[in-house]
Amino acid sequence: MTDADHRDDDREAGVGPDPVTVSVDGCSLAFGDLSVLEGISLTIEPGEFVGIIGPNGAGKTTLLRAISGALTPDTGSVTIDGIDVHDLSSRASSRLVSVVPQDTTLSFSFPVRDVVEMGRQPHRSRFSSPDPEDRAAVERALERTRTAELADRPIDEVSGGQRQRVVLAQAIAQETPVMVLDEPTASLDVNHQIETLELVRDLVAEGRTVVAAIHDLNLAARYCDRLVLLADGAVARDGPPASVLTGDALAASFDANAVVMPNPVTGTETVTAFRADRHADPHPERVHVVGSGAAAAGVVARLSTAGIDVTLGPVSSGDAAAETARSIGIECLETEPFATLSPAELEGAETLIRDAGVTVLADFVVGPGNRALLEVVDDAESLVLIETRPFEERNFAGSAARNRYESYRERAIEVPRRRVLDAVTAVGKNRSQSQPSPSIESTDE
Amino acid sequence: MYRPVRTAAWSAGLVVLLVVVSLISAALGPVRIDLVTVAMAMLNAIVVPAGVTVGSATVPVLGLSVPVPGLEYAAVFSFDVPATRQIIVANLRLPRIALAATVGLALAAAGTVMQGFFRNPLADPSIIGVSAGAAAGAVAAIAFPALVPFGGLHLSAFAGALATAFLVYAIATDGGRTPVATLLLAGVAVQAFLGAMISYMLVHSGDSLREAVFWMMGRLNNSQWGDVAFAFPITLVGVLVLCAFRRDLNVLLLGEEDAHHLGIEVERTKLLLLALASVITAAGVAVAGIIGFVGLVVPHIMRLVVGPDHRILLPTSALAGASFLVATDTIARAGPAVVPVGIITAALGAPFFLFLLTRREVHSV
């Protein structure tokens with residue numbers, strides 16, 4: 001604990017409690033016959049913000065409870081700077097670790113400030129009234145969590161999100177070197193999620209060691225220094241967000257198909273998950289996608305994550321669809337932006353279309369530069385049309401192009417973007433059974 | 001934030017209220033006495049140790065009679081009060097008032113602790129079976145005096161109450177942990193069993209049935225200074241120690257795991273709170289029988305007045321409980337019909353509680 005006189009300066013200088021290292025060493029824990037944690041080992045360095053991710057039931061909360069000392073592991077240990085947390089008295093451990101639980105039962109009408117003041121309990125003797133240091137810590141915590149304006153409201157009359165911030169304020173007032181947060185942003189709206197996690201980042205910058213279960217993978221990737229992916233009670237992956245959040249790892253742990261791409265705004269990993277599909281049997285045919293922008297990117301991602309061999313192009317470098325194709329590693333014919341397609345590029349496109357059993361036109365934008373591509377599309381065996389905006393808005397190549405494009409409608413099936421997988425699968429099946437054109441209802445949207 | 005000054009002011013106010021209520025109570029009864037006389041008689045009753053006497057009492061040690069030192073008391077005041085009035089106030093009414101205040105203090109404090117401890121607005125001091133145990137002990141002592149070897153009614157009731165509390169705690173404890181829900185259910189089951197035992201004893205109690213039934217209704221008639229000497233020290237110490245754990249009680253409201261993370265030794269604190277609340281309840285019930293609703297209603301009323309913070313709630317509830325029981329016992333004793341005070345507390349307390357309930361003023365602790 002720092003000297004009270006220095007504390008304000010320390011805070012400005014970004015120095016908090018003495019930094020400590022948390023070590024989880026071979027922790028196993030079972031509830032009766034149900035094994036929840038199996039031999040987990042982790043070392044969390046001072047000033048590190050570690051996010052625990054994983055599907056429901058993976059053991060995230062149990063791991064946090066073992067770290068905080070609430071649960072004693074059957075084997076293995078949790079140590080903070082070499083001291084086993086389970087050997088400590090409640091008072092001693094509460095000066096080391098503060099906890100923000102997933103749900104708090106605060107159904108009585110204490111004023112918010114008094115709830116935050118309970119965070120000072122570990123630092124106070126039984127008979128003392130709050131001293132100036134306690135009061136200052138409470139006020140700081142209220143301000144940092146932006147709950148100061150709620151301070152005099154009864155806790156049972158504030159919203160769920162506000163309450164969550166009050167509990168965080170209580171943990172901050174506790175001024176511990178280690179903080180364990182279980183879904184600290186679960187019931188917060190989007191601005192408070194960001195505010196809260198940035199506050200946690202500040203706390204980490206002051207030297208605290210923070211472990212948090214975060215189920216929003218995008219937020220976890222954006223704010224955590226390191227992610228630990230838990231699956232079935234074991235560490236599936238452990239490392240920087242970019243190395244943990246990969247399509248393969250997520251597919252294995254979450255039983256969902258996911259595309260991981262750098263977020264164009266934050267630059268951190270962004271996960272888009274899809275249902276693990278009933279079309280899990282590998283689609284025998286290659287699917288080629290012609291188009292650009294968000295629509296083509298979405299189609300490529302959706303098909304690729306369903307295990308279908310997808311190709312894309314031609315598409316301008318830097319287009320969203322090209323970026324997506326690169327992120328998920330599919331073959332893509334990239335061209336110079338704004339340039340007319342070269343004969344070689346046209347030939348490449350022709351080959352890709354011929355090799356594919358199904359060609360998908362996804363918001364295909366036709367201009368003078370790629371007008372020739374329309375003729376190549378003629379060679380496609382089966383066509384699926386995805387349109388999020390009318391062709392008139394995408395046509396910069398005159399009425400001839402429009403007539404050609406419209407002629408595709410007669411043999412293509414048109415579906416909304418989110419039904420693309422059904423359409424492609426149906427086309428493939430129908431063709432393999434050499435039946436006439438399939439009927440896919442394209443009712444909604 | 002919590003202000004100790006507020007607690008002190010409320011407590012002081014409630015002490016004044018208790019004195020006023022006691023004064024009025026001592027004036028009322030078959031013989032009406034004016035307040036000034038009552039005040040003087042009460043002051044006359046105050047004694048302080050004035051010296052040590054040796055020789056008035058002896059104990060046999062190895063065949064010899066060894067004198068034990070005793071305290072000599074002296075009156076502080078000597079107001080001129082007619083002898084009969086002095087006796088009525090000091091020997092008849094005051095012990096009863098002091099006992100009512102003691103029992104009210106104990107029950108309201110224990111009720112506050114139990115409601116916080118169980119996080120249940122319906123909890124009362126007897127929730128883990130203390131009253132049923134006391135009743136079993138008392139009825140056994142009344143109906144079968146020969147079977148209860150020592151100490152008579154008070155001790156038998158006190159022992160029954162504590163034995164029951166301990167039994168319930170032991171049943172609900174598994175592997176060093178005592179889940180509150182298990183404690184509650186074990187309490188209900190043990191009470192049901194004791195209820196059967198009590199009924200059985202009543203069926204076979206013969207001539208003592210009336211006395212046993214009156215005991216169970218809760219009554220303060222025939223109170224002696226000796227009863228006060230038994231119950232008051234236990235209650236005072238118990239309430240003072242509970243007051244030292246007021247903040248722990250607040251933090252426990254967050255739930256046991258959260259309380260642990262805030263530095264509370266949960267199981268130890270729970271045991272201590274439960275033991276102290278049970279002991280003061282047992283002391284109260286042993287001398288006064290089962291007086292219902294004081295421990296349930298008074299904490300709720302005070303929660304509405306001063307808020308849920310146990311730092312102010314516990315002392316103010318305890319003091320308010322003392323005044324409440326002195327007042328209701330005055331009605332029981334000097335009202336239109338002389339009845340056991342338990343009837344008055346329930347008859348007044350239950351409708352009032354229902355009124356609060358329908359106003360949605362009582363919903364959680």
Side-chain angles (χ1 to χ4, degrees), chain A residues 65 68-72 85 88-130 134-135 138-139 142 151-152 154-156 167 170-171 173-174 176 178-180 182, chain B residues 1-8 112 115-116 118-121 175-177 180 240-270 272 299-300 303-313 360-365:
Chain A
R65 292 175 73 201
S68 67
L71 292 176
T72 309
V85 289
L88 292 172
S89 68
S90 296
R91 193 173 170 86
S93 77
S94 66
R95 289 175 170 191
L96 281 178
V97 187
S98 55
V99 176
V100 176
Q102 199 164 6
D103 44 13
T104 40
T105 48
L106 293 165
S107 56
F108 44 90
S109 47
F110 276 78
V112 162
R113 180 179 277 113
D114 288 9
V115 174
V116 176
E117 189 210 321
M118 290 180 191
R120 298 303 299 167
Q121 178 81 10
H123 302 287
R124 293 171 57 184
S125 74
R126 180 163 302 285
F127 298 100
S128 73
S129 299
D134 293 321
R135 290 175 192 279
V138 169
E139 295 307 321
L142 286 167
D152 297 318
I155 185 71
D156 57 348
V167 178
Q170 188 191 65
Q174 211 172 327
T176 54
V178 181
M179 294 181 81
V180 172
D182 195 354
Chain B
M1 200 175 272
Y2 171 71
R3 282 174 299 142
V5 171
R6 183 162 171 257
T7 303
T112 308
Q115 285 171 8
F118 284 98
R119 282 186 278 162
N120 186 331
R177 297 177 69 90
V180 164
L240 286 179
V241 179
L242 283 173
C243 278
F245 280 82
R246 287 175 288 175
R247 228 168 51 208
D248 305 55
L249 208 47
N250 280 347
V251 177
L252 272 174
L253 286 176
L254 293 172
E256 294 182 11
E257 194 165 320
D258 292 13
H260 166 78
H261 293 314
L262 289 168
I264 308 291
E265 299 291 346
V266 174
E267 293 302 332
R268 207 164 72 197
T269 307
K270 273 162 65 184
L272 186 126
H300 276 296
R303 208 173 271 120
L304 293 178
V305 176
V306 300
D309 191 330
H310 287 99
R311 287 174 291 188
I312 182 165
L313 180 62
R360 295 277 177 275
E361 304 265 19
V362 175
H363 37 77
S364 65
V365 288

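Given the structure is predicted, the values throughout are model-derived calculations rather than measurements. Numbered from 1 within each chain, the chains take letters A, B, ... in sequence-line order.
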Q.
Need one label for A/Ser68: side chain, backbone, both or neither, based on atoms under 4.5 Å from any heavy atom in chain B.
A. both

Q) Based on non-hydrogen pairs under 4.5 Å, which of B/Pro4, B/Ala244, B/Gly307 is most in contact with chain A? A) B/Ala244

Q | Residue among A/Pro122, A/Ala151, A/Gly69 with most heavy-atom pairs under 4.5 Å to chain B | A | A/Pro122

Q) Under a 4.5 Å heavy-atom cut-off, does chain B meet the side chain of A/Pro111, its backbone, both or neither? A) neither

Q. Where on B/Glu265 is there a heavy atom nearer than 4.5 Å to chain A: the side chain, the backbone, both, or neither?
A. both

**Q.** A/Arg113 side chain vs A/Leu142 backbone, donor-acceptor pair below 3.5 Å
**A.** no

Q) Would you find a donor on one side and an acceptor on the other, under 3.5 Å apart, between the side chain of B/Glu267 and the backbone of B/Arg177? A) no

Q. Which bit of A/Arg95 is near chain B, if near means a heavy-atom gap under 4.5 Å: side chain, backbone, both or neither?
A. neither

Q) Is it true that a side-chain atom of B/Arg247 and a backbone atom of A/Gln121 form a donor plus acceptor pair closer than 3.5 Å? A) no

Q) Hey, is the main chain of B/His261 close enough, under 3.5 Å, to the side chain of A/Gln174 for a donor-acceptor pair? A) yes

Q. Do any N or O atoms from the side chain of A/Ser98 and from the backbone of A/Thr176 form a donor-acceptor pair under 3.5 angstrom?
A. no

Q | B/Asp309 versus chain A, the contacting section by heavy-atom distance below 4.5 Å | A | both

Q: Answer yes or no: is there a donor N or O on one side and an acceptor on the other, between the side chain of B/His300 and the main chain of B/Pro121, under 3.5 Å?
A: yes

